[in-house]
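Just so it is clear: chains get the letters A, B, ... in the order the sequence lines come, proteins before strands, and each one is counted from 1. Small disclaimer: the values here were computed from a predicted structure and weren't measured.
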Number of protein chains: 2
Amino acid sequence: MSSVAKKTLGTGAPETTPTGQAPTSQATAERIPAAQRRELILEAATGVFAERGYAGSTTDQVAKAAGISQPYVVRMFGTKEALFLEALDRAQGKLLHAFREVIAAYDAGELTEELQHLDPAVGSGRPEQLKQLMAIAYADLVEDRGILMMLMQAFVAGHEPAIGARAREGFLDIYRLVRDEAGLLPETARDFLAQGMLMNTLIGIRLPEIYEQDSTAEELLECTLRAKLPMVLKASRAQRRAG
Amino acid sequence: MSSVAKKTLGTGAPETTPTGQAPTSQATAERIPAAQRRELILEAATGVFAERGYAGSTTDQVAKAAGISQPYVVRMFGTKEALFLEALDRAQGKLLHAFREVIAAYDAGELTEELQHLDPAVGSGRPEQLKQLMAIAYADLVEDRGILMMLMQAFVAGHEPAIGARAREGFLDIYRLVRDEAGLLPETARDFLAQGMLMNTLIGIRLPEIYEQDSTAEELLECTLRAKLPMVLKASRAQRRAG
DNA sequence: GGTTGTTGTAATCGAATGATTACTTAAAGG
DNA sequence: CCTTTAAGTAATCATTCGATTACAACAACC
């Protein structure tokens, strides 16, 4: 996500004479295999789309963030929509993967240490403990900011037929994972998802940015993010510096 | 919201000669006072912005939905951003008003009938009962669809400085109302808001549209909307017919 | 060393869009 | 009537943006 910003300086021009004068700042990016470039573009696209939404983002912003030219982005993915859909799939996949990792680790008995730090008031059954552990994993994803906001942007772009269909499918995938693989009851799964949507919203409105200036914001953030708040605040400050 | 679509047919043209031939379909909308027109435009804008987001909407779409010309929209509000902000304020105000009405009615003892239908498992204190009543009021707003999605769209447009600031303020206003006026504890208020954000999300991804075709969607919707589900499904079908 | 495929860009095009200007036309008020 | 004001539009402008085209340069292979 903290890619680069090198080169640019488009008027580098031909410099027709290949005299000793170094042809400084070639206007062309370093040549790397298309598969790798694709990953870099998707990473950049995730950040841009997460920040500005589908309609609010331009392929040029993605290109700039990835350090290459706009036509290359379009040619590699065909259309802006296809790029968005692929970035969305990645984000969705990462979230599912994070949850499955928690479940697998729990079932393998690798989380005995983490279990000590859970709120003891909420029961000791597998679903209850997994719910808490997954909530922590979810909050960890906030640090990235790109992933969760990318999903959120897809959720409000339901009027774009292709995006809406994918968003519906993706949301139901998450619900099924939480219900079937983690074993939560529908009502518990619902509450879990609801907490996630609230976190997304608080991140979306950039509430961490006014944490210091507004005591209401402070209370709501502390109440929602709990132990993960310091991490989120740190990430928020870092992102503000990055601009 | 179900305004019109009359007139149009721009090439109506001057028809220079005022002969008997009826100057059919005058390309100009009915003249009404600016204050009324403003309300119509705001209503139309709420629907358009709710559907397509800030960046994804055009002033011309709003104009068409309101039955007038695009320049008039721009001249009346100055900029698209100003129009969005005013529509956002209206939506926010309607939500706050709906909650305050519930609280006032409850405190005036006017809701004895509704109290019989509440889930008796969740306590009989004022905050608990108000929480349930406000949740019902919130779900009632889903019927409109415009109001809640308008707010949601603002929540994900945080990168627009003016919109982000207003969205933050608005969200905190709602939180404070729920906490201070309804008397919920921070944790309870948080859970209440979380359920609201989940409802928004389910509406955003248009989950009601696949209610009949997906049993997972069916379960999640039933579990989240409860008694209000039939109403939401009906509204969803009505909106699909309207296109 | 020439040919060929891959990685990349500059230039540009057409459509869309927010905004502006200048113009109509209905009402209101003497 | 006739002037003035308010309500509304057509026409158009300058940008922006996604996409296309044509081309450059590096690498690999024979």
Atom CZ of A:Phe84 to atom P of D:dC17: distance rounded to whole Å? 17 Å
Length of the CD1-P vector between A:Ile32 and C:dT9, whole Å: 11 Å
How long is the line joining CE of A:Met76 and C1' of C:dG8, in whole Å? 10 Å
Verdict with supporting geometry, B:Phe99 and B:Phe192, ring-ring contact (aromatic ring centres under 6.0 Å, His included): CA-CA 12 Å; B:Phe99 285 163; B:Phe192 175 78; 5.7 Å; yes
Whole angstrom value for the distance that separates P of C:dT25 from CD1 of B:Ile68: 19 Å
Can you tell me if B:Thr28 touches the phosphate of D:dG8, counting only side-chain N or O atoms and a distance under 4.0 Å to OP1 or OP2? no
CG-CG distance between A:Asp144 and A:Leu95, expressed to the nearest 0.5 angstrom: 11.5 Å
For every nucleotide of nucleotides 16-24 of chain C, 5' to 3': is a protein heavy atom under 4.0 Å from its base (B), only from its sugar-phosphate (S), or from neither (-)? -SBBB-B--
Can you give me the closest heavy-atom contact between A:Met197 and A:Met152, atom names plus distance? O-CE, 4.2 Å
Mind calculating the distance between CD1 (A:Ile41) and C1' (C:dG8) to the nearest angstrom? 11 Å
Using atom CZ of B:Arg38 as one end and atom P of D:dA6 as the other, report the distance to the nearest whole Å. 15 Å
Verify salt bridge (charged side-chain N to carboxylate O under 4.0 Å, His left out) between A:Glu212 and A:Arg237, making sure each step is shown before the conclusion. CA-CA 11 Å; A:Glu212 288 91 353; A:Arg237 279 189 282 262; 2.7 Å; yes
A:Thr79 and A:Val74: side chain to side chain contact (heavy atoms under 4.5 Å, CB included), yes or no, with the steps? CA-CA 6 Å; A:Thr79 64; A:Val74 173; over 6 Å; no
Of all heavy-atom pairs linking B:Ala29 and B:Arg37, the shortest is CB-NH2, 3.8 Å
Whole Å only: how far is the OH atom of A:Tyr72 from the P atom of C:dA10? 14 Å
Nearest-Å distance for atom pair CD/P, residues B:Glu30 and D:dG8: 9 Å
